[in-house]
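Since the structure comes first, as structure tokens, the remarks are kept for the end.
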Amino acid sequence: MHTDASLVVDFLNTVNVEEGTDLLEDPAQWHEWAAAHALTANPATEARAARDALRAAIGDPRLPAGHADVDTRISLTADGPALVAADVVGAVFVACARLVVRGDWIRLKICPADTCLWAFYDESRNRSRTWCSMRVCGNREKARGWRARTATAG
């Protein structure tokens, strides 16, 4: 079962800056990813444009702010009105809309490490998490800072 946050983060991380890979460049992998999420794959160019716009919106410094329009609809279900979409991009934007309504959109972040830029969902109580992983990226940055401080002090 995918949550709204996990779907959005999974989609944002279909590009891996550290490894230099982009799942959208391989049609078979892209369709496999969509099927694993029980969704229909959009054309890769459409998915890439949506992904880049979303990554820019949550702080990817490599990407300019973008704009995306996505078709969704509201359907009356047994549980009440629900936003629904027919494909990956629509489902991701529906998930983003629900995150906004719940006040959780600001929990979506991009790791500031230049070699990482991994998207993550900040589950900390005060929404102050900075790094995708304190053990990896956070530790690297703290070590760099320490080396820089000790080099200038000596």
Side-chain angles (χ1 to χ4, degrees), residues 1-26 29-30 32-39 41-42 44-70 72 79-80 82-85 87-154:
M1 171 77 182
H2 294 284
T3 65
D4 289 335
S6 69
L7 174 62
V8 175
V9 169
D10 285 354
F11 178 67
L12 294 174
N13 287 331
T14 56
V15 64
N16 187 322
V17 173
E18 190 169 20
E19 294 178 3
T21 59
D22 186 343
L23 188 134
L24 295 172
E25 290 178 1
D26 182 332
Q29 283 187 330
W30 171 229
E32 195 175 297
W33 185 95
H37 290 79
L39 298 167
N42 299 72
T45 54
E46 184 181 323
R48 187 174 293 106
R51 183 190 64 199
D52 289 354
L54 284 172
R55 286 184 64 90
I58 65 168
D60 188 328
R62 302 168 308 130
L63 301 168
H67 177 82
D69 288 319
V70 177
T72 59
D79 296 327
L83 283 169
V84 293
D87 52 32
V88 171
V89 172
V92 167
F93 274 70
V94 163
C96 288
R98 286 192 293 254
L99 290 170
V100 168
V101 168
R102 287 195 306 264
D104 290 335
W105 168 257
I106 62 171
R107 291 181 179 273
L108 292 171
K109 297 180 179 181
I110 297 287
C111 182
D114 291 339
T115 57
C116 180
L117 299 173
W118 199 246
F120 66 94
Y121 183 76
D122 179 358
E123 294 186 42
S124 67
R125 183 181 299 174
N126 64 358
R127 302 174 179 142
S128 63
R129 185 172 151 198
T130 301
W131 310 100
C132 66
S133 165
M134 197 56 217
R135 283 187 307 195
V136 179
C137 291
N139 190 45
R140 283 182 198 156
E141 191 57 35
K142 286 184 175 196
R144 273 189 209 106
W146 180 82
R147 284 192 301 273
R149 286 189 304 277
T150 57
T152 57

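Computed from heavy atoms alone, side chains included, the values below leave out hydrogens, waters and symmetry copies. Residues: numbered from 1 along the sequence shown.
- Between Cys96 and the options Leu7, Val8, Val70, a side-chain contact (heavy atoms from CB on, under 4.5 Å) holds for only Val8.
- Asn13 is not listed as a side-chain neighbour of Phe120, based on a closest heavy-atom distance of 4.5 Å or more.
- Of the possible donor and acceptor atoms, one in the side chain of Asp122 sits under 3.5 Å from a partner among the backbone N and O of Ser128.
- One distance of note links CG of Asp60 with CG of Leu117; it measures 5.0 Å at 0.5 Å rounding.
- Nearest heavy atom pair, residue Ala97 against residue Leu83, reads CB-CD1, 4.0 Å.
- The CG atom of Leu24 lies 6.5 Å from the CZ atom of Phe11; values are rounded to the nearest 0.5 Å.
- Counting only distance, with no hydrogens or angles, the side chain of Asp87 and the backbone of Gly90 share a donor-acceptor pair below 3.5 Å.
- With Asn42 contributing its side chain and Ala47 its backbone, the two residues share no donor-acceptor pair below 3.5 Å.
- Between atom CG of residue Leu39 and atom NE2 of residue His37 there is a gap of 7.5 Å, rounded to the nearest 0.5 Å.
- Rounded to the nearest 0.5 Å, atoms CZ (Arg51) and CG (Leu23) are 8.5 Å apart.
- The two residues Gly59 and Ile110 come nearest to each other via the heavy atoms C-CG1, 4.0 Å.
- Asn16 places no side-chain N or O within 3.5 Å of a backbone atom of Thr21 that could act as its donor or acceptor partner.
- In this structure a side-chain-to-backbone donor-acceptor pair under 3.5 Å is present from Arg55 to Leu12.
- Residues Ala56 and Pro64 share a closest heavy-atom pair of CB-O, 3.3 Å.
- Nearest heavy-atom pair across Trp118 and Val15 is CZ3-O, 4.0 Å.
- Nearest heavy atom pair, residue Ala85 against residue Val94, reads CB-CG2, 4.1 Å.
- Lys109 NZ to Tyr121 OH: the interatomic distance, rounded to the nearest 0.5 Å, is 10.5 Å.
- When Leu99, Val9, Val92 are each tested for a side-chain contact (heavy atoms from CB on, under 4.5 Å) with Asp4, only one passes: Leu99.
- Under a cut-off of 6.0 angstrom, the local environment of CG in Asp26 is crowded, with over 12 non-hydrogen atoms contributed by other residues, nucleotides or ligands.
- In terms of the side-chain hydrogen bond (donor to acceptor under 3.5 Å, both in side chains) criterion, Arg129 has no residue partners (sequence neighbours excluded).
- To the nearest 0.5 angstrom, Thr14 atom OG1 is 10.0 Å from Glu25 atom CD.
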